[in-house]
Number of protein chains: 2
Amino acid sequence: MARNVRHQASSSTAQRAQTRLRDMILAGELAAGTDHLESELAERLEMSRTPVREACVLLQGRGLLEVRPRKGVRILPVSPADMEEIYDVLTELETLAARKAAEAGLPERALAPLTRALDDMETALAADDRAAWADADQRFHHELVRLGGNRRAMDIVEMMSDQVARARQTTLYMRPAPDRSNADHRAVLDAIRAGDAGRAAARHRAHRQYAKAMLIELLKTHRLSNL
Amino acid sequence: MARNVRHQASSSTAQRAQTRLRDMILAGELAAGTDHLESELAERLEMSRTPVREACVLLQGRGLLEVRPRKGVRILPVSPADMEEIYDVLTELETLAARKAAEAGLPERALAPLTRALDDMETALAADDRAAWADADQRFHHELVRLGGNRRAMDIVEMMSDQVARARQTTLYMRPAPDRSNADHRAVLDAIRAGDAGRAAARHRAHRQYAKAMLIELLKTHRLSNL
DNA sequence: GCATTAAATAACGCATACGTAAAATAATGC
DNA sequence: GCATTATTTTACGTATGCGTTATTTAATGC
């Protein structure tokens, strides 16, 4: 879980492969359920197989793909059942973070990025700019977990978020206006500010559980069985 | 997170490297804080650098080591602060599992491995056989998470357990007799059997929090700052 | 046409070679 | 002796080649 920069000057080829592949997977450019030979990916990325294989090993460890010899690297789809799992893990670890952040009695200064994200969410909601809202939402969650101070939890949450990214992007315009998300986040922030760990945790848990139920319902309603 | 067997007949060299290195790390044969060149590890494992590198990438992703170019692969020590993080993550995800298992209304048959592990823990306690107790304890936790039915949570718990394995082994004979652990586990099992999700979760959380506090106290008391 | 066997092709894991950059060592100057 | 510079050595990331094995294709027999 340590972050490692292999070259001081610029990232290594394997690192670039990892980033490119991750991006392509999250964007759906490497579509869920598709198979790709190492050689194909190597051509596409304009490098040899060696760094591609290394990137694939790593991304497999993060649950984005499955290395299947002779059948190709399979981009893992995310089913509603997968969403359940992912959201359960996210809920637990983010709720832990909310509790820890509230317990920590952080100065207002430390809450600034969280506050800014929430403000941006509200601006985006008022402008009905879903893309901007999603970006701010992501930032809010990221900051929340960072404030929780558990680096491992942070990395796991990041991993889970990656797994769920495509589904969230796909359903972004299908879901109702995120008034409730904004309100929930505001309540969580207020509780953290007030040092009320119990309330921060409870409000955040409720938020995540609502989001989970809504997202899974959307997937089922629209027959999106494997994103 | 998918498990992949690369060769049907027997495991690949890279897979063997991964297993060997993991075992050596957990056993302290590759001691915490030490650096090892890829070439050294390759010699030791009697293979070329290629599978060793692959194994190291993977083990880095699981938090057991850090790949540092030109300084060697560093075996990551676990400090009391690391223990805090790890136990917090474990606590949240195992508590989720306990709740889910209780909610699932599982037949007695499904609880058999959990029950067996607990019985073995009690046998070991009566015989003052700490090694046997630790083994049964590990099994209990593993089964509990498996019963929770969240594959991702299970993999994360496994990853965290690996990170904490050396410290647990080192402190196994320092800690008080694990009467309380056995009692806690019995209470968790009973709550699951009764379908009492709230109680299963609460008892398990309390158990993990007690264990965390005790372990960290042991580390500090014995000046074991990086295991 | 279908099943079986044989042959060809291709993907893979791995070992090795190589260019590059980092680290270590040696040489030089004050 | 210490700082600086030059040279040598070494570790690394990567590309490539190769033996093995899995898959595909072709040939054969009924």
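Note that the structure is a prediction, hence the values are computed from the model and not measured. Chain letters run A, B, ... following the sequence lines, proteins first, then strands; residues in each count from 1.
Taking the six-membered ring where tryptophan is involved, the planes of B/His185 and B/His204 are essentially parallel, since the angle between them stays under 30° and well short of 60°.
Under the 3.5 Å distance criterion, the side-chain polar atoms of A/Asp120 are left unmatched by any main-chain donor or acceptor of A/Ala117. Of the possible polar contacts, one joining the A/Arg130 side chain to the A/Leu172 backbone as a donor-acceptor pair under 3.5 Å is found.
Around atom CD of A/Gln209, more than 12 heavy atoms belonging to other residues, nucleotides or ligands sit under 6.0 Å away.
Spacing between atom CD of A/Glu40 and atom P of C/dA10 amounts to 16 Å, rounded to whole angstrom units. Summarising the geometry, the separation between CG on A/Asp35 and P on C/dA10 is reported as 18 Å, rounded to the nearest angstrom. Distance, A/Arg68 CZ to D/dT21 P: 22 Å, rounded to whole Å. Computed from coordinates, the B/Arg53 CZ to C/dA15 P distance equals 13 Å when rounded to whole Å. D/dG13 atom P lies 6 Å from atom CD of B/Glu38, rounded to whole Å. In this structure, CZ of A/Arg74 is placed 19 Å from C1' of C/dA11, rounded to the nearest angstrom. In this entry the distance linking CD of A/Glu66 with C1' of C/dC12 reads 16 Å, nearest Å. Between A/Glu54 atom CD and C/dC12 atom C1' the separation is 17 Å, expressed in whole Å.
In this structure, A/Thr50 reaches the bases: a heavy-atom distance under 4.0 Å links it to at least one base atom across the strands shown.
Looking at B/Arg49, its side chain has no donor and acceptor atom pair within 3.5 Å of the base of C/dA15.
The nucleotide whose nearest atom lies closest to any side-chain atom of B/Arg70 is, among D/dG13, C/dA15, C/dA23, C/dA23. In this structure, of D/dA11, C/dG13, D/dG13, it is C/dG13 that holds the atom nearest to the side chain of A/Pro69. Across C/dC12, C/dC14, D/dA11, the shortest atom-to-atom separation from the side chain of B/Leu37 is found for D/dA11. Distances were taken from every side-chain heavy atom of B/Ser48 (C-beta onward) to each of C/dA15, D/dA22, D/dT10; the shortest belongs to C/dA15.
Projected onto DNA chain D by closest heavy-atom contact, A/Lys71 and B/His36 fall at different nucleotides, the more 5' of which corresponds to B/His36.
At a threshold of 4.0 Å, the pair A/Arg205-A/Glu92 counts as salt-bridged, since one of the basic side-chain nitrogens sits closer than that to a carboxylate oxygen.
An OP1 or OP2 oxygen of C/dC14 is reached within less than 4.0 angstrom by a side-chain nitrogen or oxygen of B/Thr13.
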